[in-house]
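Since the structure comes first, as structure tokens, the remarks are kept for the end.
Heads up: numbering here begins at 1 and tracks the sequence. Values below: every heavy atom of this structure, side chains too, minus hydrogens, waters and symmetry copies. Not measured: the values here are computed from a predicted model.
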Amino acid sequence: DDEVAEVMRLVLEADPELDADQIRTNCNGKIVFLEGSVPNDQQRRRAEQDAWSLAAIRGVVNRLEIAVT
């Protein structure tokens with residue numbers, strides 16, 4: 001799970017459409033948890049798609065919130 005979380009962090013950092021510093025990742029039982037806030041729903045969905053791109057996971061729990069400005 002630690003390795004999956006680390007790879008997830010690298011995937012988010014490599015995505016030019018996301019600010020990975022705003023997203024916290026955790027993995028438990030091959031399920032990735034995304035937490036934090038992003039500026040819009042497009043980035044929220046993008047982060048979830050990035051998580052699903054990992055072959056080793058069984059699920060994604062997207063708890064990202066849309067930042068209200």
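Expressed to the nearest 0.5 Å, how far CZ of Arg24 lies from CG of Leu12 amounts to 12.5 Å. Rounded to the nearest 0.5 angstrom, Cys27 SG and Glu6 CD are separated by 12.0 Å. Between the CG atom of Leu18 and the CD1 atom of Ile23 there is a distance of 5.0 Å, given to the nearest 0.5 Å.
The shortest heavy-atom contact between Ala5 and Thr25 is O-OG1, 3.7 Å.
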Donor-acceptor list for residues 53-65 side chains, cut-off 3.5 Å, not counting sequence neighbours:
| residue | atom | partner | partner atom | Å |
| --- | --- | --- | --- | --- |
| Ser53 | OG | Asp50 | O | 2.5 |
| Asn62 | OD1 | Leu64 | N | 3.0 |
| Asn62 | ND2 | Arg44 | O | 3.2 |
| Asn62 | ND2 | Glu48 | OE1 | 3.1 |
| Arg63 | NH1 | Glu35 | OE2 | 3.1 |

Go through the steps to decide whether Glu17 and Gln42 satisfy the test side-chain contact (heavy atoms from CB on, under 4.5 Å), and finish with yes or no. CA-CA 9 Å; Glu17 295 188 32; Gln42 177 183 354; 3.7 Å; yes

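Linking ILVMFWY residues whenever their side-chain heavy atoms come closer than 4.5 Å, directly or via other members, leaves Ile31 and Trp52 in distinct clusters.
Checked against side chain to side chain donor-acceptor pair (under 3.5 Å), Asp2 has no partners two or more places apart in sequence or in another chain.
Of the possible donor and acceptor atoms, none in the side chain of Asn26 sits under 3.5 Å from a partner among the backbone N and O of Phe33.
Side-chain contact between Val4 and Val32 is present, with heavy atoms from C-beta onward closer than 4.5 Å.
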